[in-house]
Asks: 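Handing you this structure, nothing more for now.
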Amino acid sequence: MKYGHFDDKAREYVIDTPRTPYPWINYLGCEQFFGIISNTAGGYCFYRDARLRRVTRYRYNNMPVDNGGRYFYIKDGDTVWNPGWKPVKTELDSYSCRHGMGYTIITGQKNGLTASQLSFVPMGVNAEVHQMTLRNDSDAPKDVILTSFVEFCLWNAQDDMTNFQRNFSTGEVEVEGSVIYHKTEYRERRNHYAFYAVNTPVDGFDTDMETFLGLYNGFENPQAVFTGKMGNSIASGWQPMAAHQVKVSLVPGEERRFNFVLGYVEVPQAEKFVAPSVINKAPAKALLEKLTTDEQIAEAFNALKKHWDNLLSAYVLTTPDEKLGRMVNIWNPYQCMVTFNMSRSTSMFESGIGRGMGFRDSSQDLLGFVHQIPERARERILDIAATQFRDGGCYHQYQPLTKKGNNDIGGGFNDDPLWLIAGTAAYIKETGDFGILDAATPYDCNPDDCGTLLEHLEASFYHVVNNKGPHGLPLIGRADWNDCLNLNCFSDEPSESFQTFSNPNAPDERVAESVLIAGMFVAIGPDLVAILRRRGLDDKADACQKEIDAMNEAILRDGWDGEWFVRAYDAFGHKIGSKECEDGKIYIESQGYCVMGGVGVKDGKAEKALESVHKYLETKHGIVLLQPAYKEYHLELGEVSSYPPGYKENAGIFCHNNPWIIAAETVVGHGDRAFDLYSRIAPAYREEISDLHKMEPYVYSQMIAGKDAPNFGQAKNSWLTGTAAWNFYVISNYILGIKPDWEGLKVDPCIPHTWDGYQVSRRFRGATYAITIENPSHVCRGVKQVTVDGQAIEGNVLPVFADGKTHQVTVTLG
Ligand code: BGC
Ligand code: NOJ
């Protein structure tokens with residue numbers, strides 16, 4: 001069952017009932033000011049850091065789910081309703097929610113009145129615009145009352161939710177004309193405030209929650225709205241909020257727009273006040289001046305659309321498969337940009353107060369957005385690298401506001417260092433900017449202790465080499481990509497973190513090894529070798545290659561189980577992911593990465609491993625992470641065995657590493673298999689089963705419940721997941737086969753043999769490549785001929801033109 005449809009031309013998903021199986025959300029903001037907004041206008045916003053600079057409050061884990069947001073109430077006679085249905089939930093005559101690129105339009109209709117709420121964050125501005133359009137579609141005049149609503153957060157979202165003994169006494173506001181200023185804590189150490197304004201005189205306002213709602217009411221029945229009488233309250237402590245009341249008369253057919261702006265400003269320390277306790281409103285007024293008239297709003301909205309036109313024009317696929325088209329051209333790259341902005345901070349599953357930016361996560365996210373925003377990818381790489389230590393280890397996370405490594409979580413996740421090589425290689429291949437390798441980059445965030453980025457990459461590589469275990473395989477540390485494989489934790493108390501705890505009675509931490517990290521080393525290491533060779537550092541390159549070869553040997557010797565690759569060795573030296581195990585006999589990760597690294601391709605082990613994935617792990621909803629699921633908690637394995645069977649890392653369908661298998665299938669030339677696996681988890685292909693899938697059909701979720709779970713096929717944790725980057729990477733680079741390489745753009749598709757062909761327009765290093773792929777012999781793989789601007793070329797690497805022109809490329813497979 002579907003709850004809407006894709007409007008590809010408008011690049012929107014159109015939801016046609018507010019009763020979606022879960023709040024289906026969108027993101028506002030692309031620079032510094034961000035928000036999430038659900039299809040019923042729920043959600044919240046913040047400036048840069050969802051934890052430290054939260055502008056509006058959100059009430060998590062609530063009943064009903066998704067409470068609080070940017071609500072507009074309409075009182076038309078005795079009927080009170082919201083264009084987004086919630087929170088009053090008056091039945092609407094019609095409803096739609098259009099989630100687009102950085103904006104959302106929610107439209108409701110009731111008793112001949114249409115109300116439409118456009119929400120977006122203009123480029124270059126730290127504010128959300130909520131433009132409310134009211135239109136009288138009836139044949140009689142209408143007098144209605146429009147009331148806005150937002151609730152302010154007392155800035156630090158963590159503290160806001162917990163420290164009530166203080167917070168209920170700190171809230172402060174000022175009201176001037178139609179602008180409500182939220183100045184809590186501005187009297188002391190903050191030099192920022194927020195405000196909510198409308199471009200018309202108001203008939204009343206409220207800033208104190210209790211006055212607005214009534215002590216015993218919720219958002220669904222605010223007394224000020226139902227009685228039509230605002231309290232004109234000035235909040236003092238408790239819960240500061242902002243509501244404007246506007247009385248509107250509309251003749252039949254008349255339409256009027258009201259431009260609400262929810263903004264954030266910072267004020268220089270010396271200019272904070274204009275009189276005792278009276279805040280300096282000049283920066284807010286300056287911001288509002290730019291966003292008052294309908295023309296200004298329209299212009300700002302257009303600029304946002306242009307911004308997205310530009311980002312999405314970097315890779316454009318023309319294909320007869322419309323589901324594939326909307327994934328590749330619109331929603332997958334959009335989700336990649338959202339992961340760039342948010343990392344793992346803010347969604348319906350991430351509270352914005354938990355994790356900062358992950359070293360591993362952000363490095364992988366790069367794979368998905370580097371072609372859209374190479375300059376910002378460069379900055380991101382250097383930020384990430386600065387949290388690395390001299391020995392190549394690194395902080396697992398850092399805070400976006402401070403860019404400092406997070407001491408609570410610390411380091412010791414031994415896959416982390418390699419992702420930096422992967423991310424940097426993707427960036428250089430995209431841009432040709434080898435210069436980044438010379439950038440002076442701090443160790444441990446200390447500007448007085450720097451190495452070049454190249455030195456950081458070498459440190460990454462040697463961190464693996466210098467930390468091997470008894471089988472010559474990499475030590476796993478706190479965990480590798482699988483955060484839940486905690487082989488050195490031995491936690492027997494629920495309050496202990498699976499990732500950071502080390503039981504003092506646990507065995508030696510230098511025993512547990514990861515075959516995944518070994519596979520990554522063999523797959524990613526060659527990028528460092530290639531970089532060193534291009535730098536003329538052949539001795540170093542040779543030395544690295546030797547290490548890669550040795551690792552390859554170690555995997556074939558001690559990482560092969562007969563039918564598939566072993567996953568790891570535990571702290572006692574026992575195999576994990578082996579036929580010797582009772583549960584967890586086979587894991588997905590080592591199959592994917594070892595084959596991507598080419599391990600066992602020559603002697604058939606790679607094909608064998610992929611057959612085993614097919615046989616034991618594949619389901620109609622995607623590939624589960626392991627089998628059989630762990631039935632009980634294993635002290636020596638940690639969190640992976642903590643989840644009920646079929647969820648998360650315990651045999652859930654982890655959409656993040658399904659693409660590793662897809663990529664591996666292309667390594668051995670299986671184009672049919674690769675695409676089949678791709679389409680099982682790609683959300684657009686699952687739209688018809690939205691009632692089961694539950695999450696948004698336009699973006700990937702981290703996990704789909706596996707076959708061991710009662711609700712097999714149900715997704716969770718949509719939006720902020722490495723799944724976005726990996727699926728874009730695998731479809732664009734491995735299946736459609738347009739791969740940035742060191743010296744140019746390589747074309748090497750691996751597709752279903754049934755495909756006749758497709759076109760890709762790819763922006764690359766200052767030129768556009770209009771590539772037509774033809775498949776007259778219906779093969780899966782193999783480039784027979786390439787012509788560029790009518791001339792046949794040798795090989796399949798398109799040269800770098802950097803001339804700002806469009807070059808016509810024809811590729812014939814066969
Ligand atoms: C989850 C992992 C996640 C980790 C982050 C675990 O509970 O299962 O998916 O990466 O927490 O710390
Ligand atoms: C989510 C985390 O963000 C990511 O870093 C990790 O690799 C996966 N979970 C798997 O555990």
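Both ligands and their constituent atoms are indexed starting at 1 by order of listing.
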Asks: Does some non-hydrogen atom of K648 fall short of 4.0 Å from ligand 2?
Replies: no
Asks: Tell me whether the rings of H656 and W660 are parallel (<30°), tilted (30 to 60°) or perpendicular (>60°).
Replies: perpendicular
Asks: By number and element, which atoms of ligand 2 are closer than 4.0 Å to a non-hydrogen atom of Q702?
Replies: 1 (C), 9 (N)
Asks: Going by the angle between their ring planes, with limits at 30° and 60°, are H621 and F712 parallel, tilted or perpendicular?
Replies: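 The arrangement is perpendicular - the two ring planes meet at more than 60°.
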Asks: With rounding to the nearest 0.5 Å, note down the distance linking CG in N711 to CD1 in I704.
Replies: 12.0 Å
Asks: Report the residue from Y22, Y58, W24 that forms a side-chain hydrogen bond (donor to acceptor under 3.5 Å, both in side chains) with D66.
Replies: Y58
Asks: I'd like to know if the side chain of D415 reaches the main chain of W481, judged simply by a donor and an acceptor atom lying under 3.5 Å from each other, with no hydrogens or angles considered.
Replies: yes
Asks: Given D483, V640, D361, which one has a non-hydrogen atom that is nearest to atom 3 (C) of ligand 1?
Replies: D483
Asks: So, D708 and Q627: side-chain donor and acceptor under 3.5 Å apart, yes or no?
Replies: yes
Asks: Considering only the protein, which heavy-atom contact is closest to atom 11 (O) of ligand 2, and what is its distance?
Replies: E649 OE2, 2.5 Å
Asks: For Y643 and ligand 1, answer yes if some heavy atom of the residue is under 4.0 Å from a ligand atom, otherwise no.
Replies: yes
Asks: With a 4.0 Å heavy-atom cut-off (strictly under), which part of H656 contacts ligand 2: side chain, backbone, both or neither?
Replies: neither
Asks: Please work out whether any backbone atom (N, CA, C, O) or any side-chain heavy atom from C-beta onward of D483 is under 4.0 Å from ligand 2, and answer side chain, backbone, both or neither.
Replies: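 For D483, backbone and side-chain atoms both sit under 4.0 Å from ligand 2.
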Asks: With respect to atom 12 (O) of ligand 1, which of Q499, H656, K648, R360 exhibits the smallest heavy-atom separation?
Replies: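 Considering heavy atoms of Q499, H656, K648, R360, the nearest to atom 12 (O) of ligand 1 sits in Q499.
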Asks: Which residue and non-hydrogen atom of the protein lie closest to atom 9 (O) of ligand 1, and at what distance in Å?
Replies: E649 OE2, 2.7 Å
Asks: Tell me which protein heavy atom sits closest to atom 4 (C) of ligand 2, plus the residue, atom name and distance to 0.1 Å.
Replies: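 Among all protein heavy atoms, the one nearest atom 4 (C) of ligand 2 is D361 OD1, 3.3 Å.
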Asks: With atoms numbered from 1 as shown, which atoms in ligand 2 lie under 4.0 angstrom from a non-hydrogen atom of N482?
Replies: 11 (O)
Asks: Please write down residue, atom name and distance for the protein heavy atom closest to atom 7 (O) of ligand 2.
Replies: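 Minimum-distance protein heavy atom for atom 7 (O) of ligand 2 reads W481 O, 2.5 Å.
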Asks: Against the six-membered ring of Y616, is K585 placed for a cation-pi contact (under 6.0 Å from the centre, within 45° of the normal)?
Replies: no
Asks: Would you compute the distance between atom OH of Y427 and atom CG of L382 and round it to the nearest 0.5 angstrom?
Replies: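 Interatomic distance, Y427 OH to L382 CG, rounded to 0.5 Å: 8.0 Å.
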Asks: Checking K716 against Y647: charged group under 6.0 Å from the ring centre and within 45 degrees of the axis?
Replies: yes
Asks: Counting heavy atoms only, which of Q702, M703, E639 comes nearest to atom 7 (O) of ligand 1?
Replies: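 Checking each option, the heavy atom nearest atom 7 (O) of ligand 1 is found in E639.
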